[in-house]
Enquirer: 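Quick one: the structure is below, and I'll ask about it shortly.
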Amino acid sequence: MARGLPSNAQLADQFELLADMLELDGADAFRLTAYRRAATRIRESAVPVAQLALDGKATRLSGIGTTIQNKIIEFSETGDLSAIAKLRDKLPAGLVEVMHVPGLGPKTARKLHSELGVQSAADLRSAAENGLLAGLPGLGPKSEEKILRALSKPKAGVTERGRVLLGRVLPAVERAVEELREHPAAERVSEAGSVRRRCETVRDLDIIATASDPSALTTHFAALPWVAEVVAQGSTKATVVSHDGLRFDLRVVPPESYGNLLQHFTGSKAHNVALREEAVGRKLSVSEYGVKNAETGDVFRAADEEELYAFLGYEWIPPELRENRGELAAARDGSLPRLVELGDLKGDLHSHTDWSDGRGTLEEMVLGARALGRRYLAVCDHAKRLKDGRLERQAEEIAALNGRVDGIEVLSGVEVDIRADGSVDVADEPLADRAWVMASVHSGFDKPRAELTRRIAAAMENPHVDCIGHPTGRKINRRDSYDIDFEALLEKAVETGTFLEINSQPDRLDLIDTHARAAAEAGVRIVISTDAHRVHELDYLGLGVAQARRGWLTADRIVNARPWQEVRKLMKGP
DNA sequence: GCCGTTTTCGGCCCGACTGTTTTCAGTCG
């Protein structure tokens with residue numbers, strides 16, 4: 001892999017900047033859409049798009065044609081885009097931040113520039129404070145006030161603040177849906193929005209319902225015991241905030257268009273836009289209220305999403321796939337994957353106990369796993385905490401536990417550290433005695449790409465290492481992935497027969513969806529495991545399954561969708 | 001700028017809300 005190429009994120013940022021500046025310049029709106037769509041495609045790609053472009057293969061990604069491919073090459077080789085440089089001569093660079101102030105857009109930003117000479121957010125603030133805005137055509141005192149309010153909020157709308165981990169909100173939204181279903185006026189109730197798509201973080205929680213008495217349901221909702229604040233409440237819509245700061249939106253909709261509305265409010269936006277674009281080609285106009293035939297004027301309303309997708313010529317698409325990453329084409333030709341489900345998983349291959357940094361005892365963890373229906377549990381305490389014979393003593397205790405606990409098999413696993421030189425912190429012989437070995441990087445995250453890649457590849461070469469734990473090391477909202485040549489590691493994983501983990505911890509979910517998909521396509525087998533450190537964390541497995549589903553994974557790619565005896569056959573030879 | 005179940009040219013999602021307007025432009029999701 002060539003060194004010093006721009007990352008996908010850097011490329012995506014360039015094209016978004018280019019689109020913003022073109023928009024300020026008054027360019028054709030469809031060009032902007034094209035650049036923004038390409039930016040998304042690049043950002044979500046699991047492989048380095050700069051390299052793809054240099055190889056002439058970036059045009060294989062939908063939304064990237066030769067013009068954009070050439071711009072990727074230009075940026076990769078020169079570190080700059082002449083198209084952006086040209087626009088910088090025409091427009092002050094600070095105008096982009098003006099345009100991003102909530103409530104403002106390109107047109108208003110341009111007007112502020114031409115009429116008042118505003119060149120930056122700072123200029124905008126002083127213009128507003130001096131009362132200069134209200135005098136402009138199209139703007140009034142309310143706009144001025146709104147702009148000042150937006151500017152006083154530090155970086156509103158730019159940061160990831162306000163997004164909450166899926167693992168935190170999922171129990172809350174499931175409880176809310178349950179409580180609504182219990183009400184006599186409720187008919188159908190479903191989560192919607194990003195939580196239904198199982199995005200790793202979400203902002204608001206959307207719920208869609210039908211009811212015999214809509215206002216009775218919204219009233220019931222606003223009065224639930226966990227509600228701290230009722231932001232808005234009408235007969236068909238209510239917005240509330242829970243005591244722990246989660247914002248819920250309930251919409252009660254007519255039963256005959258429940259399918260249209262649930263589909264619309266589940267999104268994603270990109271999925272809906274693509275769906276509607278495809279429909280336009282067949283003279284159908286799709287909205288949340290129905291599908292209108294442009295020629296006959298007939299409106300099709302769907303009580304179910306299945307009917308809606310079928311009417312438009314698709315299989316029903318699982319919400320986790322609705323990100324405009326090829327699901328529409330697959331649903332049209334009947335080639336959607338049959339996604340893995342929580343019920344497919346037979347065991348959990350990564351857990352900790354109080355032998356290392358876990359909080360539960362060996363027995364508590366095992367009984368907890370059994371209670372959740374797991375048929376096996378690998379205990380993978382950190383090797384560095386199992387020195388001086390403790391590794392062997394734990395194995396004896398695990399054997400004893402297997403003797404007296406029925407219904408679950410306890411595997412004597414271990415989690416070893418991958419050292420800087422790629423070796424692991426347990427010698428071959430004791431490692432060979434363990435039934436299951438996870439190897440993870442726990443230090444030196446900021447080392448250069450080549451070094452980290454070599455390091456993990458070396459661990460994969462170890463004949464006792466079965467699976468790489470949390471392969472990219474990211475922590476959501478806290479730490480980026482470490483810099484690795486992911487493609488090279490996929491090749492190495494296939495070559496050595498090493499599995500990769502989807503770690504189900506709410507702030508890890510590592511591999512992420514796009515990486516997991518690329519791994520499976522490359523032929524790598526995936527382990528979905530909890531990395532549980534306490535009994536209740538054994539329940540996180542569903543989060544890992546959700547991430548796997550977002551990565552298009554089927555049960556046959558998942559190692560622990562098999563009984564332990566079959567897993568052993570997939571593992572590296574003795 | 002991209003793309004092809006009608007297209008290599010001529011299209012490109014849809015509706016609500018806001019603030020400013022007397023019929024609409026801009027912004028947002």
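Convention: sequence-line order gives letters A, B, ...; per-chain numbering from 1.
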Enquirer: Of all residues at least two apart in sequence or in a different chain, which pass the salt bridge (charged side-chain N to carboxylate O under 4.0 Å, His left out) check with A:R197?
Expert: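 Salt bridge (charged side-chain N to carboxylate O under 4.0 Å, His left out) check on A:R197 returns A:E323.
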
Enquirer: Rounded to whole angstrom, note down the C1' distance from B:dT5 over to B:dG11.
Expert: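 About 16 Å, rounded to a whole number of Å.
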
Enquirer: Is the shortest side-chain N/O distance from A:T33 to OP1 or OP2 of B:dG1 below 4.0 Å?
Expert: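 The answer is no; no side-chain N or O of A:T33 sits under 4.0 Å from OP1 or OP2.
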
Enquirer: Only counting residues at least two apart or in another chain, list the ones meeting ring pair (Phe, Tyr, Trp, His ring centres under 6.0 Å) with A:Y258.
Expert: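 A:Y258: no ring pair (Phe, Tyr, Trp, His ring centres under 6.0 Å) contacts found.
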
Enquirer: Please list, chain by chain and in numerical order, all residues satisfying ring pair (Phe, Tyr, Trp, His ring centres under 6.0 Å) with A:Y289, sequence neighbours excluded.
Expert: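 Expected list: none.
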
Enquirer: Mind listing the side-chain donor-acceptor pairs of residues 122-129 of chain A below 3.5 Å, one per line with the distance, residues two or more places apart or on another chain?
Expert:
residue, atom, partner, partner atom, Å
A:D123, OD2, A:Q119, N, 2.8
A:R125, NH2, A:L151, O, 3.0
A:S126, OG, A:D123, O, 3.1

Enquirer: Name the closest nucleotide to the A:S287 side chain, picking from B:dT6, B:dC14, B:dT27.
Expert: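 Of all the options, the side chain of A:S287 is nearest to B:dC14.
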
Enquirer: Using the side-chain heavy atoms of A:R276, tell me which of these nucleotides is nearest: B:dG26, B:dG1, B:dC14.
Expert: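 Nucleotide nearest to A:R276's side chain: B:dC14.
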
Enquirer: Choose from B:dG29, B:dT6, B:dC12 the nucleotide whose nearest atom is closest to any side-chain atom of A:K283.
Expert: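 Closest of the options to the side chain of A:K283: B:dT6.
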
Enquirer: Side chains of residues 70-77 of chain A: which donor-acceptor pairs under 3.5 Å do they make with residues two or more places apart or in other chains?
Expert:
residue, atom, partner, partner atom, Å
A:N70, ND2, A:T66, O, 3.3
A:E74, OE2, A:S82, N, 2.8
A:E74, OE2, A:S82, OG, 3.1
A:S76, OG, A:I72, O, 2.7

Enquirer: Toward the 5' end of DNA chain B, which comes first, A:K269 or A:K111, by nearest nucleotide?
Expert: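 That would be A:K111.
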
Enquirer: Quick test: give all pairs of protein nitrogen or oxygen and nucleotides 3-5 of chain B nitrogen or oxygen below 3.5 Å, distance rounded to 0.1 Å.
Expert:
residue, atom, partner, partner atom, Å
B:dC3, OP1, A:G63, N, 2.6

Enquirer: Which nucleotide, if any, forms a Watson-Crick or G-U wobble pair with B:dG26, using both distances under 3.5 Å?
Expert: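 B:dG26 is paired, partner B:dC17.
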
Enquirer: Examine the side chains of A:S335 and A:D333 and answer whether a donor and an acceptor come within less than 3.5 Å of each other.
Expert: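 There is such a pair (donor and acceptor under 3.5 Å, judged by atom type) between the side chains of A:S335 and A:D333.
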
Enquirer: Among A:R196, A:R251, A:R198, which residue satisfies the salt bridge (charged side-chain N to carboxylate O under 4.0 Å, His left out) criterion with A:E191?
Expert: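 Of the listed options, the one satisfying the test is A:R198.
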
Enquirer: What residues in residues 17-31 of chain A put a non-hydrogen atom under 4.0 Å from any atom of DNA chain B?
Expert: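 Correct list: A:D28, A:F30, A:R31.
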
Enquirer: Does B:dG26 have OP1 or OP2 under 4.0 Å away from a side-chain N or O of A:K107?
Expert: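 True: A:K107 side-chain N/O within range (under 4.0 Å) of B:dG26 OP1/OP2.
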
Enquirer: Just compare B:dA16, B:dT6, B:dC14 and give me whichever is closest to any side-chain atom of A:Y289.
Expert: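 Minimum distance to the A:Y289 side chain belongs to B:dA16.
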
Enquirer: Please identify each residue that fulfils salt bridge (charged side-chain N to carboxylate O under 4.0 Å, His left out) with A:R31, with sequence neighbours left out.
Expert: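 Per chain and number, A:R31 pairs via salt bridge (charged side-chain N to carboxylate O under 4.0 Å, His left out) with no residue.
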
Enquirer: How far does the C1' atom of B:dT20 sit from the matching atom of B:dT27, given to the nearest Å?
Expert: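 My reading of the C1' atoms in B:dT20 and B:dT27 gives 13 Å.
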
Enquirer: If we only count heavy atoms from C-beta on, is the A:W226 to A:L246 side-chain gap below 4.5 Å?
Expert: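 Sidechains of A:L246 and A:W226: no contact.
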
Enquirer: Produce a footprint string for nucleotides 17-22 of chain B: one letter per nucleotide, 5' end first; B if the base is under 4.0 Å from any protein heavy atom, S if only the sugar-phosphate is, - if neither.
Expert: --SS--

Enquirer: Nearest-Å distance, CZ (A:R203) to P (B:dG29)?
Expert: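 Rounded to whole Å, this separation is 9 Å.
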
Enquirer: In this structure, how many angstroms lie between the P atom of B:dG29 and the CZ atom of A:R251, rounded?
Expert: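 My rounded result for the distance is 13 Å.
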
Enquirer: May I have all residue pairs that pass side chain to side chain donor-acceptor pair (under 3.5 Å) and include part of residues 306-319 of chain A, sequence neighbours excluded?
Expert: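 Passing the test, one end in residues 306-319 of chain A: A:Q263-A:Y309, A:H271-A:Y309, A:E278-A:Y314, A:E305-A:W316, A:Y309-A:R322.
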
Enquirer: Expressed as a whole number of Å, how far does the C1' atom of B:dC12 sit from that of B:dT6?
Expert: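 About 15 Å, rounded to a whole number of Å.
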
Enquirer: Check the distance between B:dC12's C1' and A:R37's CZ and give it to me in whole angstrom.
Expert: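 From A:R37 CZ to B:dC12 C1': 8 Å.
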
Enquirer: Which residue pairs pass the side chain to side chain donor-acceptor pair (under 3.5 Å) test when at least one of the two sits in residues 14-30 of chain A, sequence neighbours left out?
Expert: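 Sorted pair list: A:E16-A:R43, A:D20-A:R36, A:D20-A:H100, A:E23-A:R36, A:D25-A:K90.
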
Enquirer: Between B:dG15 and B:dG10, how far apart are the two C1' atoms, rounded to whole Å?
Expert: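 Result for the C1' pair: 25 Å, nearest Å.
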
Enquirer: Restricting to salt bridge (charged side-chain N to carboxylate O under 4.0 Å, His left out), what partner residues turn up for A:E145, sequence neighbours left out?
Expert: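 Listed in chain order: A:R149.
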
Enquirer: Can you tell me how far P of B:dG26 sits from CG of A:L133, to the nearest Å?
Expert: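 Taking CG of A:L133 and P of B:dG26, I get 17 Å after rounding.
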
